[in-house]
Every structure is written in C-alpha cells, then in structure tokens.
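Computed over heavy atoms, backbone and side chain alike; hydrogens, waters and symmetry mates excluded. Protein chains get the first letters and strands the later ones, always in sequence-line order, with residue 1 at the start of each.
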Amino acid sequence: MTLENIVTQLTKDAVKALYNIDCTDAQVQLQKTRAEFEGNITLVVFPFVKMARKAPQMVAAEVGEWMATNAAHLVAKYNAVQGFLNLSIADSFWIEQLQAIDAEAEYGKQPDRNQLMMVEYSSPNTNKPLHLGHVRNNLLGYSVAKIQEANGWNVVKTNIVNDRGIHICKSMLAWLKFGNGETPETSGKKGDHLIGDYYVRFDVEYKKQVKELMEAGKDEETAKREAPLMQEAQAMLRKWEANDPEVRALWEKMNEWVYAGFDETYQRMGVSFDKIYYESTTYLEGKSEVEKGLAAGEFYRREDGSVWANLEKDGLDEKLLLRSDGTSVYMTQDIGTAKLRYQDYPINKMVYVVGNEQEYHFKVLSILLDRLGFPFGKELVHFSYGMVELPNGKMKSREGTVVDADDLMDKMVSDAKEISKDKVNTLQGITEEEANEIARKVGLGALKYFILKVDPRKNMLFNPAESIDFNGNTGPFIQYTYARIKSVLRKAESLESLKTLETLKTIEEKELALIQRLCDYPATVRAAGDEFSPAILCNYAYALACDFNSFYHDLSILNEPDAHKRALRLLLAKNVAKVLNAAMALLGIEMPERM
RNA sequence: GGUCCGGUAGCUCAGCUGGAUAGAGCAACAGCCUUCUAAGCUGUGGGUCUCGGGUUCGAAUCCCGACCGGAUCACCA
C-alpha cells in the first residue's frame, strides 16, 4: 500500500466525518510538499472548500487536526498554509517502507498481464549504414520494450528490414561498375559502410550524367529519367523481381555484408531483436492480402488496373495499394508484414516505433488492417517520435550531413576514455581491459541518456561541434553515483543486520527524502509504460541520484558511530543502487561497478 | 490550403490529468578534496513561460484567435 493510497483513504474518511462529504479518489489531490514548507506530502483542500462552506485555511487546519488525532501513528505533524495541508509522515513509516523495498528483488516490476506486445523498431534500409536518426529509433524501441516488460507485458522485439527496391539496386549497380570486386575483407571496411559508399557513388555518377544530358539540351525531368544509370538500375530491379539468378546472387552477397555490419552496430548499441522480418518476403503476402480485400469488396480496382482503398468515411482520402503494373507499394508491404506477424504470434498489441513523419501512413495502416480483420489493427500504436536535427537542419544521407552511428559511438567511448585518465587514484590497479570496459559503458551511457532524456515526441537538436557532456544531468552522473555506492558497499564488510533497524525510531531529513524517492519508483515505471516515455525514467533516475549525492555529502555512512544509523544508511545506499541499476537497465544503459 | 506537432533562462531541456515564489544541466562567476570516489557538493547572476483574449478561488498547464518553426497530404520508402 503506497502512502498516496493511505492518505487518499484518510482524506475521504476525514471529510466524511467532518463535513459529511462523499468524495471520490479523483477529488483527493496530493502532491509532494514543496521544499520551502515542512512536511512530506500535501493535500490540496480547495476541492472541498465549497461543500464544507469554510475558508480554505480553516478546512486545511481541521482536516489536519482530524488526521493527527485519528491517525497519529502515521501523521506525526501537520501545518496548514492557505488551502494546502502539509503532512509530516512518521519516521517509522519510512523505515518500514525501506525494509519493504529491500525485501523485493524486482522492486518496481508490475504483475504479469499475460498479454503479448510486439514492438517493431529500427527498420533499416540495406543500402546505407545506420545514422543518428536510427540511433534514436533503436534506443527508444529497445527501451520501450524493456519498459513494457517491466509493466507486465510479454514483449517480442521485431525488426523489419527494407531489403528490396530501387535504392538497393543503386548500390549494387555502382558496385558492379566501379567496385573492382571490392569486399569488406579486401578493403577492411564494415559491410554496411562499404555498401553505403557505393550508394553515394551512384548518386555522384548519376548527377554527372544528368548534368551532361541537361547541357545537351534536355530538361531536368527528362534528363533524370533518361540518365543511363537510372535506366540500368530500373532494369536491375525488374530482373530482381523476375528472380534473375545473377541479380539475386549479387543481392544476397551484398546483403550479407550489410547484415554483418548492422549486427556489429546493434550489438555495440546493446539492442537486439527476437524476430526479424524482411520486406523481400513480406511484400508478396501483402499483395495477396490486398487481393482478398478486393474480393471482399473493401477495395476497388480502377480502369488502369491499380487497386485503391477509399477512406473518405474515415475522413481521409483514397489510398493506393497496388500500382497499375501490379507491383506493391509501402502500404502493401506493411499489410503483408502484419499478416505474417499475426500468423507467428498471438499479438494483443502492436507497437510501431517509427518517426513522426509517417503519422499519416500509420493512421491509414490502422484503418486498413482493421478492415482486413486484424484484431490488433484498430488499436495499433504508432510510437511516433521526433526527428534529430542538426544546427543547419535535417540530416540527409546524400548530402553527407549524416552523423554516422558507428563514428558517434567511437567518439563517445574515446572521450570517456580520455576523461577517465584523470581518475588515476580511483581507477588505479585495474587492467587496461577493465578500463576500456568502463569507458565503453560510460561513453555509451552518456550517448543513450542524452538521447533518451528528451521527450520522445519532440524533435531534438544535436550539435556535432559540441561534445556530449559527462557532467551534470547526464548518464555518467548517474553511473558515477552508482559506482560510488558500490565502492562504499565493497568497503562495508557486510550489510549489518536489519534487526538493528527495529530499534531505530527517527531518521534524518535527507534519509527520508531518499526513501520517499525510492517509493516513487513503481509509479514511475507505470507512467513510463503508459506514456511510452523513457524520458520519465531518465528524470526519475536523475532526481534519485541527486538526492543520494546530497545525502552522501551531508551524512557519513561507514564512519557513522551509531550502529543503527549506519545500518540504515547502508541499507538505503544498497537500495538506491538497486533502483538506479533497474531504472537504467530499462533505458538500456549499463552501470560500471567503478569509474 | 487541410491535418498534426512544437514555441519555457544565452544554449540544451524538465514541468503541461489547472495549485504555493516556474526548475535542472551547460556556459559565466565565487567557494569546498589529510574524512566513505571532486564525472561530486554549495552559492551568485540569468525569465513578459511567443503574443492577445477567455474559463476560475487559482493558468506555463485548459479553451479560442493570431504569429513563428517543423512534419505531412506521391503509382517514394
């Protein structure tokens, strides 16, 4: 039973007894007492003022007095300021709370729902390496999956790889023409970077051709269409669709290079998938699903042979599902993917982690899946996150204004390594290998926290010229707090018996604040799940770390002469470490034992 | 033009189911290591919460209207 629940009930009893008011839980407004007033939890009495027909100050005072009298074991003191009743909760209550938290190994984990949630994230194209935009996607997707797991869902993490289409053919063609048989082995390049380089190369050569054609008198549109490279790429796509063995073999070889590169990046980023789907296999399913919808009268065919859905009664437009030549579009593929997924898993809730630029697409997909009879269609969640912007605007692959994921991680880890060199006294005696492992955790922790702490729905700015901080409201700050606690716990010979706590009746203000913060953790996990917001957990972890650092600064743990107090502080430190670790795990951030 | 999202300190962001004097970090300045890890702690300065109306005991928060920025409305994905 949480303090909020207890005080809510107490309030209802009080206003019933004093004013004969029957109030609902929603009318009981509780908040943390502001620092400038004495107390731990504050009841806002304004909602009762009218019915009680008394001044706010009076109501607050009367309710406070009633509580202090009828629940003296809980409400130690109170003060009424205008319409705010500030309650000081008994120290014994907080000590009990701490012991209860300590007893729970998975504190914060919500009960199982026995419901399956599938979370799709990442969704890379196979023609270029991952960049900062993907990093935000991956970190959000992974974290949301962890958060929903903590909220009792069975979660299946999935990835849909866009491995077909004209863009892949561009890389393949450029490699054939200009590659001289270069491979990841011969060049030493990661496979995804190698392919990405040829994608860029295609664009360079293509632009040359367009320019030449335009100089020869063609208008831009014609030039773009008639450039030989584009013609060849399109021919290659047709061959691919026709299962031409040579094209398919090349495609498979190059895909393998890319996947090996992606795997390396994913692993480094610390994200993973339970099941991977490929558009090259799902797009055909989509076609047949559309044909079924056509037969059922949900869709219609135009004279030119193209197939459409009419969404006017949903307030939207008409939407193309199959081109006049019978080939599929993006939407068709997503329908096919949904079908396969539904065959593979008993999905109760489907979550798509995809940028906010695709809101319209998912609105339409939801309607179409629903019409096609997928139970998860109507309720699908498009977890729509904002773009990562650079100081001069959006990232564009072809213009070379992308921040590469691998480079960024390298930079973060090497920065962390550099900073740790000043820490010779705390990190002395560790091996080079351990030092590198710490730098890896800290560098990635800084990056992940930097990205996850901002509200996912909002666009965020990344300035490559300014390095990501390791001080202040950052991942390393929280990791550092954890490492500090671990250091203390290592020095404490053993956690002293909890029994000594039973004789402890009073606690310090900073201890109380910490326990109160720990008590907030389960509600924070729920909120992060309800809102699909890792940022909420970041804010919580930061606040907890701040509270601990303040406590640590003011009060000694190991040097405290009173054994009872020492035991309490050790227990407190241990549980702060536990909760920090748990919260950061839900963000996909690893904690170093020392740093 | 329609729809959606955003506008809070010099910068990056919290706060938004209405509550007390709007918070952090960075940057700037001033302090704190013979005491459990200074990636820490303490302090100073910095605000017309874009603007204008409305709702009410009370508005950064809710409603309406402007202005500014972004996204989207493809036989691209």
Task: Which nucleotide in B:G19, B:U37, B:C13 has an atom nearest any side-chain atom of A:Val44 - done: B:G19

Would you list the pairs meeting side chain to side chain donor-acceptor pair (under 3.5 Å) in which at least one residue belongs to [range], sequence neighbours left out?
range: residues 48-60 of chain A; value: A:Lys54-A:Glu62
range: residues 78-87 of chain A; value: A:Thr42-A:Asn86, A:Glu65-A:Tyr78, A:Asn79-A:Asn86
range: residues 523-533 of chain A; value: A:Gln110-A:Arg526

With sequence neighbours excluded, residues passing salt bridge (charged side-chain N to carboxylate O under 4.0 Å, His left out) with [X]:
X: A:Asp163; result: none
X: A:Arg517; result: A:Asp547
X: A:Asp192; result: A:Lys190

TODO: Go through RNA chain B and write down every stem, that is, every run of at least three consecutive Watson-Crick or G-U wobble pairs with distances under 3.5 Å, as range with range.
DONE: B:1-7 with B:67-73, B:10-13 with B:23-26, B:28-32 with B:40-44, B:50-54 with B:62-66

For [X], answer base if it contacts any base atom (sugar-phosphate contacts may also be present), sugar-phosphate if it contacts only those atoms, and nothing otherwise; contact means non-hydrogen atoms under 4.0 Å.
X: A:Asp422; value: nothing
X: A:Phe477; value: sugar-phosphate
X: A:Glu560; value: nothing

Reading [range] 5' to 3', which nucleotides get B (base under 4.0 Å from a protein heavy atom), which S (sugar-phosphate only), which -?
range: nucleotides 68-77 of chain B; value: --SSSS-BSB
range: nucleotides 55-60 of chain B; value: --B---
range: nucleotides 24-36 of chain B; value: SSS--------SB

Task: Lys/Arg N to Asp/Glu carboxylate O, A:Arg457 vs A:Asp455, below 4.0 Å - done: yes

Show me, pair by pair, the donor-acceptor contacts under 3.5 angstrom made by side chains of residues 441-449 of chain A, not counting sequence neighbours?
residue, atom, partner, partner atom, Å
A:Lys448, NZ, A:Met269, O, 2.7
A:Lys448, NZ, A:Gly588, O, 2.7
A:Tyr449, OH, A:Asn473, OD1, 2.6
A:Tyr449, OH, A:Cys538, O, 3.3

Open item on the list: Under a plain distance cut-off of 3.5 Å, with no hydrogens placed, do A:Ser306 and A:Ser324 share a side-chain donor-acceptor pair?
Closed with: no

- [ ] Check whether the side chains of A:Thr327 and A:Arg323 place a donor and an acceptor atom closer than 3.5 Å, and report yes or no.
- [x] yes

- [ ] Using the C1' atom on both, measure B:U17 against B:C41 and round to a whole Å.
- [x] 36 Å

TODO: Give a yes/no on whether any side-chain N or O of A:Arg34 is located under 4.0 angstrom from OP1 or OP2 of B:G19.
DONE: no

Task: Partner set under side chain to side chain donor-acceptor pair (under 3.5 Å) for A:Arg34, not counting sequence neighbours - done: A:Glu36

